[in-house]
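See structure below.
By convention in this document, chain letters (A, B, ...) are assigned in the order of the sequence lines, proteins followed by strands, and residues within each chain are numbered from 1.
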There are 2 protein chains.
Amino acid sequence: MLSRACEYGVKAVICLTIASREDRIKSIGDISRNIQTPEAFTAKVLQKLVRAGLVNSIKGKNGGFYINKEKAENLKLWDVVQIIDGDDLRYRCLLGLSNCSNAKPCPVHESYKTIREDLVRFLKRTEIKILSDRVIRGESILKIETILRTN
Amino acid sequence: MLSRACEYGVKAVICLTIASREDRIKSIGDISRNIQTPEAFTAKVLQKLVRAGLVNSIKGKNGGFYINKEKAENLKLWDVVQIIDGDDLRYRCLLGLSNCSNAKPCPVHESYKTIREDLVRFLKRTEIKILSDRVIRGESILKIETILRTN
DNA sequence: TCTTAATCGGACAATTTTGTCCGATTAAGA
DNA sequence: TCTTAATCGGACAAAATTGTCCGATTAAGA
């Protein structure tokens with residue numbers, strides 16, 4: 001459904017949205033620890049978000065990433081997915097026909113269109129802000145809990 | 001959404017369902033030409049369908065593939081997807097959390113569950129038979145039309 | 001019986017996606 | 001000013017998916 005890169009991106013954005021409540025800036029180390037993703041790869045994804053202007057970065061010592069508050073204001077899950085994965089989800093034919101359309105439909109074109117539209121609508125109405133609030137309230141999680149071993 | 005292998009598999013099954021109306025047996029060459037997919041790779045996918053018992057094969061000269069009519073009787077899109085891609089679609093968390101559940105939900109768990117269930121319901125109610133009828137009636141296609149050049 | 005055309009399976013190759021490493025640059029703070 | 005710790009970008013590596021090739025086997029039909 002979503003690529004790994006996209007999963008990481010969404011989680012990172014949620015993580016930074018949470019941090020932004022106390023104007024905290026986070027290093028890649030922080031972030032990847034918080035969301036339990038491979039550090040270097042997550043860094044690549046962060047770069048993409050920076051280039052898209054959704055996330056700002058500060059170089060040098062004590063540097064890190066923080067979310068662009070203006071853009072974060074009404075940010076939807078869809079926006080993040082778009083930046084990382086593009087709009088394949090919106091257009092791709094279930095059977096992979098490159099020119100699948102109302103005029104030349106694949107056998108499931110009509111019915112699958114509805115499903116796909118529901119999915120896109122879901123992504124478009126889901127606010128990152130609300131997702132981070134859920135995490136803050138402890139109603140949901142961004143990583144699997146790890147058992148602390150003391151030895 | 002679906003893997004390439006799965007797209008090919010679904011199209012091959014539709015193709016064989018169409019052929020079965022006249023009890024035609026089809027070689028891999030026939031099939032991959034009909035559905036416009038790479039021959040050798042499609043053969044691998046066919047093997048999987050054979051092992052699953054959905055498709056029968058005849059070796060030797062004039063051999064080929066034909067669909068198991070009994071199994072094809074009430075065959076759903078879901079059944080084919082299951083054979084090729086397994087049931088990832090049914091269970092996978094949108095954010096990739098391996099243990100995402102009602103007890104430990106990711107931030108979109110609740111709402112995405114609905115979307116995923118709709119998708120699965122769609123796959124489960126969609127009959128391969130009906131899809132092939134559409135192709136027979138010329139209402140839909142399995143491959144992009146190719147322009148015939150005469151030179 | 002021999003040739004031919006088909007599936008079958010395993011090995012291999014190419015491509016894409018995921019993941020790592022490292023050197024360059026940047027800026028903070030001692 | 002120097003050390004340290006951070007991002008940035010490019011090159012590289014590993015893994016997964018997609019795709020190809022070929023030899024073995026099988027069976028039809030001349």
Side-chain angles (χ1 to χ4, degrees), chain A residues 1-12 15-16 19 24-68 81 84-86 88-89 92 95-96 98, chain B residues 1-12 15-16 19 24-68 81 84-86 88-89 92 95-96 98:
Chain A
M1 190 69 85
L2 303 184
S3 68
R4 282 280 157 79
C6 193
E7 292 173 5
Y8 299 169
V10 169
K11 289 196 273 194
C15 175
L16 288 176
R24 291 243 304 132
I25 179 176
K26 288 194 155 242
S27 71
I28 291 188
D30 288 341
I31 297 170
S32 62
R33 232 170 293 116
N34 286 170
I35 66 179
Q36 214 162 52
T37 58
E39 186 168 325
F41 189 57
T42 308
K44 296 293 186 206
V45 177
L46 260 295
Q47 283 314 310
K48 226 171 176 178
L49 297 171
V50 168
R51 271 181 251 119
L54 176 57
V55 167
N56 295 122
S57 67
I58 296 177
K59 293 168 84 170
K61 194 166 180 178
N62 300 334
F65 298 89
Y66 61 97
I67 203 153
N68 179 329
V81 171
I84 312 292
D85 275 355
D88 243 36
L89 266 188
R92 186 165 176 78
L95 302 185
S98 56
Chain B
M1 192 69 84
L2 303 183
S3 68
R4 281 280 157 80
C6 193
E7 292 173 6
Y8 299 169
V10 170
K11 289 195 273 194
C15 174
L16 289 176
R24 292 241 303 131
I25 179 176
K26 290 195 152 239
S27 71
I28 290 188
D30 288 342
I31 297 171
S32 62
R33 234 171 291 116
N34 286 170
I35 66 178
Q36 215 164 51
T37 57
E39 187 168 323
F41 189 57
T42 307
K44 295 294 185 205
V45 177
L46 259 295
Q47 282 316 309
K48 226 171 177 179
L49 297 171
V50 168
R51 270 179 254 119
L54 177 56
V55 168
N56 294 123
S57 67
I58 296 177
K59 293 168 85 170
K61 194 167 181 180
N62 301 334
F65 299 90
Y66 62 97
I67 202 152
N68 180 328
V81 171
I84 312 291
D85 275 354
D88 242 37
L89 267 188
R92 187 166 173 75
L95 301 186
S98 57

Q: Respond yes when some side-chain nitrogen or oxygen of A/Gln47 is under 4.0 Å from OP1 or OP2 of D/dT7, and no when none is.
A: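 Answer is no, no contact under 4.0 Å.
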Q | N/O (side chain, B/Ser57) to phosphate O (OP1/OP2, C/dC8) under 4.0 Å | A |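 Result: yes.
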Q | CA sep, side-chain torsions, deciding dist, call: B/Ile84, B/Tyr8, side-chain contact (heavy atoms from CB on, under 4.5 Å) | A | CA-CA 10 Å; B/Ile84 312 291; B/Tyr8 299 169; over 6 Å; no
Q) For A/Asp30 and A/Phe65, what are the C-alpha separation, side-chain angles and deciding distance, and is it a side-chain contact (heavy atoms from CB on, under 4.5 Å)? A) CA-CA 10 Å; A/Asp30 288 341; A/Phe65 298 89; over 6 Å; no
Nearest heavy-atom neighbours spanning [X] and [Y]:
{"X": "A/Leu46", "Y": "A/Ala12", "value": "CD2-CB, 3.9 Å"}
{"X": "A/Leu2", "Y": "A/Asp85", "value": "CA-OD2, 3.7 Å"}
{"X": "B/Val45", "Y": "B/Gly9", "value": "CG1-CA, 3.6 Å"}
{"X": "B/Lys26", "Y": "B/Cys15", "value": "CD-SG, 4.0 Å"}
{"X": "A/Ile25", "Y": "A/Gly63", "value": "CD1-C, 3.8 Å"}
{"X": "A/Ile28", "Y": "A/Glu39", "value": "CG2-CG, 3.4 Å"}

Just how far, in rounded Å, is [atom2] of [N] from [atom1] of [X]?
{"X": "B/Asn56", "N": "C/dA6", "atom1": "CG", "atom2": "P", "result": "19 Å"}
{"X": "B/Ile58", "N": "C/dC8", "atom1": "CD1", "atom2": "C1'", "result": "15 Å"}
{"X": "A/Ile84", "N": "C/dT18", "atom1": "CD1", "atom2": "P", "result": "11 Å"}
{"X": "B/Arg51", "N": "C/dG10", "atom1": "CZ", "atom2": "C1'", "result": "12 Å"}
{"X": "B/Leu49", "N": "C/dT7", "atom1": "CG", "atom2": "P", "result": "14 Å"}
{"X": "B/Phe41", "N": "D/dA16", "atom1": "CZ", "atom2": "P", "result": "16 Å"}
{"X": "B/Glu39", "N": "C/dA5", "atom1": "CD", "atom2": "C1'", "result": "12 Å"}
{"X": "B/Ile25", "N": "D/dA27", "atom1": "CD1", "atom2": "P", "result": "12 Å"}

Q: Please work out the stems of DNA chain D from pairs that are Watson-Crick or G-U wobble with both distances under 3.5 Å, keeping only runs of three or more consecutive pairs.
A: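 Stem segments, range with range: C:1-30 with D:1-30.
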Q: First locate atom CD1 of B/Ile35, then atom CG of A/Leu95, and finally report the distance between them rounded to the nearest 0.5 Å.
A: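 Nearest 0.5 Å value for the CD1-CG distance: 10.0 Å.
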Looking only at side-chain atoms of [X], point me to the closest of [options].
{"X": "B/Ala40", "options": "C/dC8, D/dT20, D/dC8", "value": "D/dT20"}
{"X": "A/Ser27", "options": "C/dC8, C/dG19, D/dT7", "value": "D/dT7"}
{"X": "B/Lys44", "options": "D/dC21, D/dG9, C/dG19", "value": "D/dC21"}

Q. In residues 1-8 of chain A, which ones come under 4.0 Å of DNA chain D, going by heavy atoms?
A.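 Within this stretch, nothing sits under 4.0 Å of the strand.
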Q: Tell me yes or no: between the side chains of A/Ser32 and A/Thr42, is some donor less than 3.5 Å from an acceptor?
A: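 No pair is found: no donor N or O on one side chain lies under 3.5 Å from an acceptor on the other.
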Q) Applying the side chain to side chain contact (heavy atoms under 4.5 Å, CB included) test to A/Leu49, which of A/Asn68, A/Val55, A/Ile67 qualifies? A)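 Single pass found, and it is A/Val55.
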Q. Contact class for B/Leu46 (heavy atom, under 4.0 Å): base, sugar-phosphate, or nothing?
A.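 Since no nucleic acid heavy atom lies under 4.0 Å of B/Leu46, the category is nothing.
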Q) Is there side-chain contact between B/Lys11 and B/Ile31, with at least one heavy-atom pair below 4.5 Å? A)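 SC-SC contact between B/Lys11 and B/Ile31 ruled out.
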Pairs: protein N or O with nucleotides 28-30 of chain C N or O, under 3.5 Å:
from   : atom 1 : to      : atom 2 : distance (Å)
C/dA28 : O3'    : A/Asn62 : ND2    : 3.1

